[in-house]
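Any value given below was found using the heavy atoms of this structure, including those in side chains, with hydrogens, waters and symmetry copies removed.
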Amino acid sequence: QVRLVESGGGSVQPGGSLRLSCPTSEFNSDDVYAIGWFRQAPGKEREGVSAISNVDGSTYIADSVKGRFTTSRDKAKNAVYLQMDSLKSEDTAVYYCAVGFFRPYTTTEALGTVRYDYWGQGTQVTVSS
C-alpha cells in the first residue's frame, strides 16, 4: 500500500506564494510513474493542476494556473514540489498529490484523475486577505 502525505499548505494573502511537497521515497528511480497535483474547492469537482513524469521529467500544467504554478522534482530529496506563486482567492482548495503508474503523453492524460492509483489525504490552501 502506497502512502502519500502532502505538506506545505497554509493560509496566504493574494499575491503570495506557497510550496507543496509530495514524497517519492517509496518509488524506485527507474519506475514508470507520474505524480499529479489536484485540487478540490468546496462544491466543485476535483481538478488536475499539474503533473510530472518520472520517466523523463516532463511536466504538465493546467491552463488555469499556467504562468503561476510550476512542478518540479528533487531526486536527491525524494520529493516532488508544486510551487504556487501569485496566488488568487480562487486557488483556495484542498490540494492532493497522487501517483499513477503510467507515463503521460498529453496534458489531458496527465491531469485526469482516472489514471492515478494512490492519493494523499490533502492539504488545505487558503488564499484570503
Side-chain angles (χ1 to χ4, degrees):
Q1 184 75 16
V2 173
R3 185 167 180 264
L4 298 174
V5 181
E6 309 90 342
S7 61
S11 296
V12 65
Q13 292 185 340
S17 298
L18 285 172
R19 189 178 76 162
L20 306 183
S21 298
C22 182
T24 59
S25 55
E26 293 196 44
F27 316 117
N28 295 319
S29 60
D30 57 353
D31 285 347
V32 176
Y33 67 88
I35 296 292
W37 288 100
F38 299 80
R39 68 185 181 185
Q40 189 165 20
K44 294 188 176 181
E45 292 188 356
R46 190 170 297 189
E47 64 168 336
V49 174
S50 74
I52 185 166
S53 169
N54 184 59
V55 174
D56 59 2
S58 295
T59 59
Y60 306 85
I61 299 289
D63 288 343
S64 58
V65 301
K66 194 169 291 183
R68 300 189 297 119
F69 290 13
T70 56
T71 190
S72 63
R73 61 180 176 176
D74 187 330
K75 289 188 173 183
K77 295 185 178 180
N78 291 313
V80 166
Y81 304 103
L82 178 65
Q83 178 67 41
M84 305 184 293
D85 299 318
S86 301
L87 282 161
K88 304 175 181 180
S89 58
E90 51 262 43
D91 296 318
T92 295
V94 177
Y95 284 71
Y96 302 87
C97 73
V99 62
F101 298 103
F102 72 106
R103 179 181 182 177
Y105 288 96
T106 67
T107 300
T108 299
E109 182 181 24
L111 301 187
T113 59
V114 68
R115 297 297 303 270
Y116 289 85
D117 304 288
Y118 297 96
W119 295 76
Q121 294 297 309
T123 185
Q124 177 70 45
V125 171
T126 302
V127 184
S128 174
S129 56

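- Enclosure of atom CD in Glu26 by more than 12 non-hydrogen atoms of other residues, nucleotides or ligands within 6.0 angstrom is indicated.
- A cation-pi arrangement is absent between Arg46 and Phe38, since the terminal nitrogen or guanidinium carbon is not both under 6.0 Å from the aromatic centre and inside a 45° cone about the axis.
- A donor-acceptor contact shorter than 3.5 Å is absent between the side chain of Thr24 and the backbone of Phe27.
- At most 12 non-hydrogen atoms from other residues, nucleotides or ligands lie less than 6.0 angstrom from CD of Glu45.
- With hydrogens and angles disregarded, no donor-acceptor distance shorter than 3.5 Å links the side chain of Asn28 to the backbone of Asp30.
- Arg73 contributes no side-chain N or O that, together with a main-chain N or O of Tyr81, makes up a donor-acceptor pair within less than 3.5 Å.
- Side chain of Gln13 to main chain of Ser129: no donor-acceptor pair is present (N/O by atom type, distance under 3.5 Å, no hydrogens or angles).
- Minimum interatomic distance between Leu111 and Ala51 (heavy atoms only, all atoms of both residues): CD2-N, 3.8 Å.
- Using modelled atom types, no side-chain atom of Asp85 and backbone atom of Gly16 make a donor-acceptor pair closer than 3.5 Å.
- For the atom pair CD1 (Ile52) and OG (Ser72), the distance works out to 6.5 Å, reported to the nearest 0.5 Å.
- In this structure, OG on Ser128 lies 12.0 Å from CG on Leu87, to the nearest 0.5 angstrom.
- Of the possible polar contacts, one joining the Thr92 side chain to the Val127 backbone as a donor-acceptor pair under 3.5 Å is found.
- A donor-acceptor distance shorter than 3.5 angstrom exists from the side chain of Asn54 to the backbone of Asp31, with no hydrogens or angles considered.
- Using a distance-only test at 3.5 Å, with no hydrogens or angles considered, a donor-acceptor pair links the side chain of Asp56 to the main chain of Ser58.
- Listed here is the closest heavy atom pair of Tyr96 and Gln40: CE1-CB, 4.2 Å.
- Using a 4.5 Å heavy-atom threshold, the side chains of Leu4 and Cys22 count as touching.
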Starting from the C-alpha separation in whole Å, work towards a yes-or-no answer on side chain to side chain contact (heavy atoms under 4.5 Å, CB included) for Met84 and Tyr95. CA-CA 11 Å; Met84 305 184 293; Tyr95 284 71; 3.8 Å; yes

Please lay out, stage by stage, how Tyr33 and Asp117 fare under the test side chain to side chain contact (heavy atoms under 4.5 Å, CB included). CA-CA 10 Å; Tyr33 67 88; Asp117 304 288; over 6 Å; no

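- Rounded to the nearest 0.5 angstrom, Ser64 OG and Arg39 CZ are separated by 4.5 Å.
- Separating the NZ atom in Lys66 from the CD1 atom in Ile61 is a distance of 8.0 Å, to the nearest 0.5 Å.
- Between atom CZ of residue Phe69 and atom OG of residue Ser17 there is a gap of 9.5 Å, rounded to the nearest 0.5 Å.
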Given Ser7 and Thr123, is the side chain to side chain contact (heavy atoms under 4.5 Å, CB included) satisfied, shown in steps? CA-CA 7 Å; Ser7 61; Thr123 185; over 6 Å; no

Check step by step if side chain to side chain contact (heavy atoms under 4.5 Å, CB included) holds for Phe101 and Tyr118. CA-CA 10 Å; Phe101 298 103; Tyr118 297 96; 3.9 Å; yes

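- To the nearest 0.5 Å, atom OG of residue Ser21 and atom CG of residue Asp74 are 9.5 Å apart.
- Shortest non-hydrogen contact noted between Gly9 and Leu20 is N-CD2, 3.5 Å.
- Looking at Tyr116 and Val99, their side chains never come closer than 4.5 Å, going by heavy atoms from C-beta outward.
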Take Asp91 and Lys88, measure what salt bridge (charged side-chain N to carboxylate O under 4.0 Å, His left out) needs, and give me the verdict at the end. CA-CA 5 Å; Asp91 296 318; Lys88 304 175 181 180; over 6 Å; no

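- Within the cation-pi definition used here (under 6.0 Å to the ring centroid, within 45° of the axis), Arg115 qualifies as a partner of Phe102.
- Closest non-hydrogen pair, Ala110 versus Pro104, comes out as CB-CB, 3.7 Å.
- Val55 and Val2 sit in two unconnected hydrophobic clusters of ILVMFWY residues. Membership requires side-chain heavy atoms under 4.5 Å apart, directly or through other members.
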